Amino acid sequence: MDVFKKSLVSFIQGIIKEKKNIQISHEESEKLIKNPPDSSFGDYSLASYYLSRYGFKGKPEEIAEEIFNIFIPDFERIEDLFDKIEIKGVYINFFVDKEKFASHIIQDVAGSNGNYGRTAHEKPLKVIIDFSSPNIAKPFGVGHLRSTVIGMSLSKIYEFCGHNVIKINYLGDFGTQFGKLITAFCRYNDINFSEFEKDPVKVLYGLYVRIHKDEQTDATANEEAKNRFKMLEDFISINKRSLEEYLGNLNFKKTKKFFGGENSAEGISDKIKLSEKNKNAFCGTQEGQYDLWRLFRKLSINEFKRIYKSIGIEFDAYEGEASSAEFSNDIKDILLESGIAEVSEGAVIVRIKGVKAPALIAKSDGTSLYLSRDIVTAISRMAKYNFDKMIYVVGSEQSLHFNQLFGIFDMLKENLKENIDKLKDSPNFKRYVSIMGGRLVHVKFGRIIGMSTRKGNIVFLNDYIEEASLKAKEKLNKERLERFKDGGTVAGEVTDLIKTTSKITPVGEKSEAEQTSLKIGIGAVIFNDLKTRRATDVNFNWDNVLSFEGQTGPYLQYTVSRINSLVSKLNALNIDSKHPDFSFSKKDTDFNDIFLIAKQIACFKDAVNEAMEQNEPSVLSSYALELASLFNKYYQNYRLIGNDINFIKPRLFMLSSVRTVLTQILNLLCVPVLERM
RNA sequence: GCGUUCAUAGCUCAGCUGGAUAGAGCAACAGCCUUCUAAGCUGUGGGUCGCAGGUUCGAAUCCUGCUGGACGCACCA
């Protein structure tokens with residue numbers, strides 16, 4: 001909060017206490033202050049209708065009148081920062097001293113070392129964010145991008161607000177689908193092994209689609225898949241430890257890095273080599289199938305990591321469902337013993353209060369399900385990390401699943417109170433479950449509708465970004481060639497472009513233009529996913545994604561580049577920045593636009609907080625677009641070069657303030673920042 | 001059928017913990033590059049905020065009903 005709002009809060013709070021003997025807390029007073037929709041209504045306003053809840057009597061207009069009359073005689077207390085105070089209907093409007101305001105805000109940013117808006121929290125929360133979580137052996141599509149970028153962005157936002165974040169990628173590496181995959185791999189004799197080596201995920205996905213199709217006509221395929229999955233799960237549980245023992249060992253480990261635990265597939269590549277000849281050796285035994293599964297898992301993870309790296313996403317831990325599968329039987333037993341679960345049609349279910357659909361814990365053949373594994377996972381994460389909050393960034397189509405998961409924890413907690421004896425042999429389990437309540441959050445998001453390529457149905461992320469980058473490159477090409485034609489200062493860049501537009505690009509060495517267009521493509525794609533509120537379904541439309549004008553990522557990148565360029569040109573004028581000057585004069589023609597920019601900058605922190613509270617990165621997208629738009633208007637309407645140095649100096653700080661905030665937001669939104677475009 | 005969720009300009013969306021005159025971008029049309037990057041800027045047109053009630057001094061925002069769409073609802077994840 002800036003000093004202006006702060007002093008206004010104290011003013012309002014103090015006067016109401018003195019004159020009316022009504023005590024309103026600092027926080028409450030802050031909520032009384034609103035930002036008027038139009039600057040002609042002032043810069044802050046007090047809405048009188050809120051005051052009736054503190055004992056003020058009468059119609060809102062009358063309360064406003066009363067308050068206004070109380071304020072007026074003591075206005076001198078804030079006269080230093082405020083110009084005037086007005087009453088308009090039910091509102092009392094405060095007008096800041098615009099010169100001081102602008103100067104103060106710009107100075108604030110300049111003095112923040114690029115950390116403007118960042119909070120150092122006194123009691124940081126430990127927040128787990130579970131996101132992306134793709135399924136093994138399936139291509140990483142545009143659908144997964146949504147969870148990935150929302151999760152990554154939220155991670156950055158929470159960190160920026162001073163909390164400790166643990167980013168977990170919970171891989172879909174287990175379940176009946178792997179029975180299917182192994183079945184397919186073992187059944188079909190025409191697998192192209194050289195292609196498998198080149199693009200394993202593609203081949204695996206092909207197998208998955210094929211077996212799925214065959215299952216429609218061949219019942220034995222389905223049967224075989226079930227059996228193979230059961231064998232896999234049995235094998236994983238072969239060195240049976242109890243859940244209680246496992247939780248005891250995890251016990252609040254300090255380590256932040258954690259890689260998939262005992263079932264980790266790391267480092268197995270040399271041991272397992274698949275070929276046409278040895279293929280069948282893997283299919284005959286439990287261990288062989290386990291190795292197959294580990295190999296598929298490893299190949300997929302490698303592919304995912306490559307993709308994440310390319311778009312700047314990283315995790316603190318890769319976990320897999322398989323790690324929890326070992327204990328899903330324990331969970332089943334605990335739930336049955338405590339009387340929460342019951343057997344129905346051979347399967348184990350839980351009926352949850354307030355949730356209509358019964359939750360399925362175990363199948364009638366005894367194998368585990370997603371839900372039971374998720375219960376184990378949540379508890380072991382509590383044991384490992386002792387988190388204050390855990391956010392699942394998963395599509396809204398899984399709302400029921402999370403309602404069931406959270407519902408079961410609520411029931412367990414209730415049950416612990418009532419039947420504490422029944423679980424006396426599980427002290428760890430009890431301990432972690434008892435603190436779970438209220439800490440789990442499902443951050444859901446809408447689907448991506450109508451997505452299709454010109455050829456097929458699924459858009460792979462690679463193709464998606466490639467298409468956007470290509471478009472960016474064309475545009476970049478045109479732009480720079482035009483600049484070259486006019487000015488001739490960019491000869492180097494154009495040669496650079498001519499070199500790289502030819503198809504033969506040296507591997508690993510990307511030119512600046514190439515890197516730039518890739519970053520623009522990535523920025524366009526990511527921003528497109530983060531600009532709308534999570535809940536709304538996104539209509540996928542190539543024209544929208546490939547448009548770089550208006551409310552887009554490239555527009556923001558462009559704005560930053562523009563500032564960079566201008567700032568470097570102004571710096572060439574030898575402005576003495578050791579003795580900074582933040583003073584602006586109301587008389588200058590550009591003053592009002594500078595003031596508007598300063599106002600927008602001043603509420604950056606509010607925007608970040610709101611984004612965090614609502615788990616909604618789009619709050620920042622909207623904010624950034626507004627700021628960029630204000631800046632571009634300024635840029636277009638006023639010219640700096642050619643003015644007096646003393647005139648330019650404070651404006652140079654204003655420019656870099658805008659840049660600082662925009663750059664910070666681009667970082668928070670995972671949109672690459674460009675030096676120039 | 002039950003549950004969740006959404007419906008705002010031709011299109012894509014902001015605005016939603018009730019508050020001042022419902023805002024952007026795209027598209028359309030009319031302008032602005034001898035001058036700091038035109039991926040930009042200026043202007044024009046475009047709205048019964050799905051429909052009907054209710055609560056309130058005040059409703060796009062909250063509640064109820066209806067219509068329409070999306071998603072989910074027992075051995076997938």
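Being a predicted model, the structure only gives us computed values, none of them experimental. Letters go in sequence order (proteins before strands), and every chain restarts at 1.
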So [X], base contact, sugar-phosphate only, or nothing? Heavy-atom distance under 4.0 Å.
| X | value |
| --- | --- |
| A/L400 | sugar-phosphate |
| A/N528 | nothing |
| A/S344 | base |
| A/S618 | nothing |
| A/L570 | nothing |
| A/A347 | base |
| A/E626 | nothing |
| A/Y49 | base |
| A/R651 | nothing |

By nearest nucleotide on RNA chain B, pick out whichever of A/K88 and A/Q177 is the more 5' one.
->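 That would be A/K88.
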
Would you name the heavy atoms of A/I520 and A/P554 that are closest together and state the gap between them?
->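 Distance-wise, the nearest heavy atoms are CG2-CG, 3.8 Å.
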
What closest approach, in Å, do A/T183 and A/A225 show between heavy atoms, and which atom pair accounts for it?
->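 Heavy atoms only, the tightest pair is OG1-CA, 3.2 Å.
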
B/C33: syn or anti, with syn meaning chi within 90° of zero?
->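 Syn conformation here, the glycosidic angle of B/C33 being no more than 90° from 0.
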
Can you tell which of B/G3, B/A38, B/C41 lies closest to the side chain of A/Y635?
->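 The closest nucleotide is B/A38.
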
Output the single nucleotide from B/A27, B/A74, B/A77 whose closest atom is nearest the side chain of A/E321.
->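 In terms of side-chain proximity for A/E321, the closest of B/A27, B/A74, B/A77 is B/A77.
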
Within the structure, does a side-chain N or O atom of [X] lie under 4.0 Å from either OP1 or OP2 of [N]?
| X | N | value |
| --- | --- | --- |
| A/R533 | B/G15 | yes |
| A/Y555 | B/C41 | yes |
| A/R447 | B/C71 | yes |
| A/S396 | B/C71 | no |
| A/S561 | B/U37 | no |
| A/K478 | B/A38 | no |

Relative to the ring of A/F402, is the ring of A/Y392 parallel (under 30°), tilted (30 to 60°) or perpendicular (over 60°)?
->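 The arrangement is tilted - the two ring planes meet at 30° to 60°.
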
Which class fits the ring pair A/Y205 and A/Y208: parallel under 30°, tilted 30 to 60°, perpendicular over 60°?
->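 A/Y205 and A/Y208: parallel rings.
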
Review item, side-chain donor-acceptor pairs of residues 144-151 of chain A, under 3.5 Å, at least two apart:
| from | atom 1 | to | atom 2 | distance (Å) |
| --- | --- | --- | --- | --- |
| A/R146 | NH1 | A/G446 | O | 3.0 |
| A/S147 | OG | A/S132 | N | 2.8 |
| A/S147 | OG | A/V393 | O | 2.9 |
| A/T148 | OG1 | A/S132 | OG | 2.8 |
| A/T148 | OG1 | A/H144 | O | 2.7 |

For RNA chain B, which ranges pair as stems of 3 or more consecutive Watson-Crick or G-U pairs, with both donor-acceptor distances under 3.5 Å?
->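 Looking at RNA chain B, the stems formed by three or more consecutive pairs are B:1-7 with B:67-73, B:10-13 with B:23-26, B:28-32 with B:40-44, B:50-54 with B:62-66.
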
Pick from A/S324, A/S368, A/S328: which one makes a side-chain hydrogen bond (donor to acceptor under 3.5 Å, both in side chains) with A/R373?
->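 Among A/S324, A/S368, A/S328, the one that satisfies the side-chain hydrogen bond (donor to acceptor under 3.5 Å, both in side chains) with A/R373 is A/S368.
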
A/F41-B/A20 aromatic stacking (under 5.5 Å, under 30°) |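 Yes, A/F41 stacks on the base of B/A20, since the ring centres sit under 5.5 Å apart and the planes are within 30°.
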
From CA spacing to verdict: ring-ring contact (aromatic ring centres under 6.0 Å, His included), A/Y555, A/F548 = CA-CA 6 Å; A/Y555 173 75; A/F548 300 156; over 10 Å; no

Mind calculating the distance between CD (A/E233) and P (B/A77) to the nearest angstrom?
->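 Value for this atom pair: 9 Å.
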
